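Predicted model only: the values in this text are computed from it and were never measured.
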Amino acid sequence: MGSDGRSWNGVDGGARCGGEEKMRTVAAPAPALAEVPTSTAAVDISLPLPEMTPRIIDLCKELVKEWSSLDSSCFSISTVSGGITNMLLKVSVKEGSDSESSVTVRLYGPNTDLVIDRERELQAIPYLSAAGFGARLLGVFENGVVSSFIHARTLSPSDMKEPRIAAEIAKQLQKFHQVDIPGSKEPQLWNDIFKFLKKASVLKFEDNEKQKRYETISFREIQDEVKELKDLSDLLHAPVVFAHNDLLSGNLMLNDLEEKLYFIDFEYGSYSYRGFDIANHFNEYAGFECDYNLYPDKDVQYHFFRNYLSDRPSEDLDALYTETNTFRLASHLYWALWALIQARVSPIDFDYLGYFFLRYGEYKKQREFCFSLAQGFLSSLRSG
């Protein structure tokens, strides 16, 4: 599921950066993080938008150099979306009678630092932007960022399955995986899962019904499952790449006129396993209703793989299929444990606890197939 799209009740709960509106893009290369303007100011995300507006305007005047001398009456602010981990705003100023210049302001939701490494995210954004991914980072403040505004529409889950769009996603993902982010190249997937597991296993709920449901969870069982899956996936020696880790439809945008695809929102980005990033994307075919019967079949996956490997046609498709569908299980564990933490700390009215049981139930449902696939592949390598 995605950082801002965790919804399985038919409602798109995510922060969405776009729409059908025109915008101005900045073509200059992204500056290094040290050169990005910063502010110690914060915005109270619990306030109604009219009460936030003066603070937002002051921040934009402070962080966007070209706007520093503008009168506050020049600004207009609208909500692009209010997600379950973020709020996204469009801030615009008039430039003459016809033109308009816009930026996006992303406000972090409360307690998101428990599941998101903001330092890691901010380190990666300038390099990803310079490589052509996402919006350009314009400023950083205490509980959010200011970025350039992208002119594109947000994809729907059904869009992702369309063969032409799926092929473009695959090609762009392969390019994304080649971006070099300075720092440690050690994969973070299992570190993150074990951190989530540690936090999730010691929760206390004020609501008695939630506490009773929570107490039915066997964390010893989950720990054993995580260890066994890690041991199995390690044997596959999957390539380590800088992964998006949250490539749901809401984090994909398409400019139809220019036929340009954008990846956005790199909150969960880290060095991780290639197969995890692809599998996590495939799990998002389930859409907002989380219908995992929509997970792509082998033919659809191979279409994606051929486009992902278009510059390496000799690479073994069966190996990538095995790798991806082994990490399919890791995706369910990751977001299941994420949901438990959110169930305790998030102020958003969403059944995170139910979402845990949904994802962990899907893990158990797919476990035998995925383990057998990996074990059979490894056996064939040993024998031949």
Side-chain angles (χ1 to χ4, degrees), residues 1-9 11 13-15 42 44-46 82-87 107-121 143 188-230 245-246 248 265 267-270 272 276 280 283-284 286 288 290 292 327-367:
M1 196 90 190
S3 62
D4 296 312
R6 302 242 167 252
S7 180
W8 52 284
N9 59 359
V11 178
D44 185 350
I45 197 171
S46 68
I84 61 177
T85 58
N86 287 321
M87 174 181 286
L107 300 172
Y108 304 148
N111 302 313
T112 53
D113 57 313
L114 293 174
V115 291
I116 295 171
D117 186 332
R118 295 295 180 191
E119 183 178 349
R120 190 164 72 189
E121 176 194 9
N143 63 328
Q188 296 302 306
L189 173 64
W190 299 110
N191 290 340
D192 289 344
I193 287 178
F194 280 116
K195 285 177 187 175
F196 286 1
L197 178 59
K198 184 177 180 180
K199 292 174 182 177
S201 63
V202 292
L203 302 175
K204 296 289 183 183
F205 291 89
E206 296 176 3
D207 184 282
N208 288 335
E209 288 304 313
K210 285 186 177 180
Q211 184 64 28
K212 287 178 182 177
R213 291 180 75 193
Y214 172 76
E215 289 173 358
T216 66
I217 301 167
S218 170
F219 288 100
R220 174 58 63 87
E221 175 188 284
I222 296 174
Q223 180 172 292
D224 290 344
E225 292 291 342
V226 171
K227 288 181 176 178
E228 190 172 358
L229 180 58
K230 180 184 183 301
N245 295 324
D246 194 18
L248 77 164
D265 287 1
E267 293 180 308
Y268 294 89
S270 70
S272 189
F276 176 82
N280 196 68
N283 274 335
E284 293 300 338
F288 305 125
C290 289
Y292 291 102
F327 282 104
R328 173 186 185 181
L329 296 177
S331 170
H332 287 306
L333 289 174
Y334 182 99
W335 294 113
L337 293 167
W338 173 95
L340 274 183
I341 299 168
Q342 294 283 45
R344 177 61 185 86
V345 303
S346 175
I348 305 299
D349 182 16
F350 179 81
D351 186 9
Y352 289 105
L353 198 54
Y355 188 67
F356 161 81
F357 286 107
L358 179 74
R359 293 303 293 256
Y360 191 50
E362 189 64 20
Y363 167 86
K364 290 190 283 189
K365 181 179 176 181
Q366 301 300 333
R367 185 188 191 282

Trainee: For Ala339 and Tyr355, which heavy atoms make the closest approach, and how far apart are they?
Mentor: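 Taking every non-hydrogen atom into account, CB-CD2, 3.6 Å.
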
Trainee: Counting only pairs under 3.5 Å, give me each side-chain donor-acceptor contact of residues 192-206, with atom names and distances, residues two or more places apart or in other chains.
Mentor:
| from | atom 1 | to | atom 2 | distance (Å) |
| --- | --- | --- | --- | --- |
| Asp192 | OD2 | Arg120 | NH2 | 3.2 |
| Lys199 | NZ | Leu114 | O | 2.8 |
| Ser201 | OG | Leu197 | O | 3.2 |
| Ser201 | OG | Lys198 | O | 3.0 |

Trainee: Does the pair Tyr268 and Trp335 meet the rule for a ring-ring contact (aromatic ring centres under 6.0 Å, His included), with working shown?
Mentor: CA-CA 11 Å; Tyr268 294 89; Trp335 294 113; 5.0 Å; yes

Trainee: Run Glu121 and Arg118 through salt bridge (Lys or Arg N to Asp or Glu O under 4.0 Å) and show every step you take.
Mentor: CA-CA 5 Å; Glu121 176 194 9; Arg118 295 295 180 191; 3.0 Å; yes

Trainee: Indicate yes or no: does Arg213 engage Asp351 in a salt bridge with an N to O separation below 4.0 Å.
Mentor: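 Looking at Arg213 and Asp351, the cut-off is met.
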
Trainee: Assess, by modelled atom type and distance only, whether the side chains of Tyr363 and Arg359 contain a donor and an acceptor separated by less than 3.5 Å.
Mentor: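 No, Arg359 and Tyr363 have no side-chain donor paired with an acceptor closer than 3.5 Å.
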
Trainee: With a 4.0 Å cut-off on N to O distance, would you call Arg367 and Glu228 a salt bridge?
Mentor: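 Judged by the 4.0 Å cut-off on N to carboxylate O distance, Arg367 and Glu228 do form a salt bridge.
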
Trainee: To the nearest 0.5 Å, how far apart are NZ in Lys364 and CZ in Phe357?
Mentor: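 Answer for the NZ-CZ pair, Lys364 versus Phe357, is 8.5 Å.
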
Trainee: Roughly how far apart are Glu209 CD and Gln211 CD, rounded to 0.5 Å?
Mentor: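 Answer rounded to 0.5 Å: 11.0 Å.
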
Trainee: Under 3.5 Å, is there a donor-acceptor pair between the side chain of Asn280 and the main chain of Asn245?
Mentor: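 Checked: pair present.
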
Trainee: Taking all heavy atoms of Ala336 and all of Phe356, pick out the closest pair and write down the distance.
Mentor: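 Looks like O-CD1, 3.2 Å.
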
Trainee: Of all residues at least two apart in sequence or in a different chain, which pass the side-chain contact (heavy atoms from CB on, under 4.5 Å) check with Ala330?
Mentor: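 For Ala330, the residues satisfying side-chain contact (heavy atoms from CB on, under 4.5 Å) (neighbours in sequence not counted) are Leu189, Trp190, Leu229, Phe276, Phe327.
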
Trainee: Less than 4.5 Å apart, side chain to side chain, heavy atoms only: is that true for Arg220 and Asp224?
Mentor: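 Sidechains of Asp224 and Arg220: in contact.
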
Trainee: What residues form a side-chain hydrogen bond (donor to acceptor under 3.5 Å, both in side chains) with Asp44, not counting sequence neighbours?
Mentor: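 Asp44 satisfies side-chain hydrogen bond (donor to acceptor under 3.5 Å, both in side chains) with Ser46 once adjacent residues are dropped.
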
Trainee: Check side-chain hydrogen bond (donor to acceptor under 3.5 Å, both in side chains) between Lys230 and all other residues, then give those that pass, not counting sequence neighbours.
Mentor: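 Asp234.
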
Trainee: To the nearest 0.5 Å, what is the distance between CG (Asp207) and CZ (Arg344)?
Mentor: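 Rounded to the nearest 0.5 Å, the CG-CZ separation comes to 11.0 Å.
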
Trainee: Looking at every non-hydrogen atom in both residues, tell me the closest pair between Leu353 and Lys210 and how far apart they are.
Mentor: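 Scanning both residues, the minimum pair turns out to be CD2-O, 3.6 Å.
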
Trainee: Could you pull out all residues at least two apart from Glu362 that satisfy side-chain hydrogen bond (donor to acceptor under 3.5 Å, both in side chains)?
Mentor: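 Checked Glu362 against side-chain hydrogen bond (donor to acceptor under 3.5 Å, both in side chains); matches are Gln366.
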
Trainee: If we only count heavy atoms from C-beta on, is the Leu329 to Tyr334 side-chain gap below 4.5 Å?
Mentor: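 No, side chains not in contact.
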
Trainee: Can you list the residues that meet the side-chain hydrogen bond (donor to acceptor under 3.5 Å, both in side chains) rule with Tyr214, with sequence neighbours excluded?
Mentor: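 Tyr214: no side-chain hydrogen bond (donor to acceptor under 3.5 Å, both in side chains) contacts found.
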
Trainee: Would you indicate whether the side-chain heavy atoms of Tyr360 and Ile222 approach each other to under 4.5 Å?
Mentor: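 Sidechains of Tyr360 and Ile222: in contact.
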
Trainee: One pair to check against side chain to side chain donor-acceptor pair (under 3.5 Å): Asp117 and Ser270. What are the steps and the verdict?
Mentor: CA-CA 9 Å; Asp117 186 332; Ser270 70; over 6 Å; no

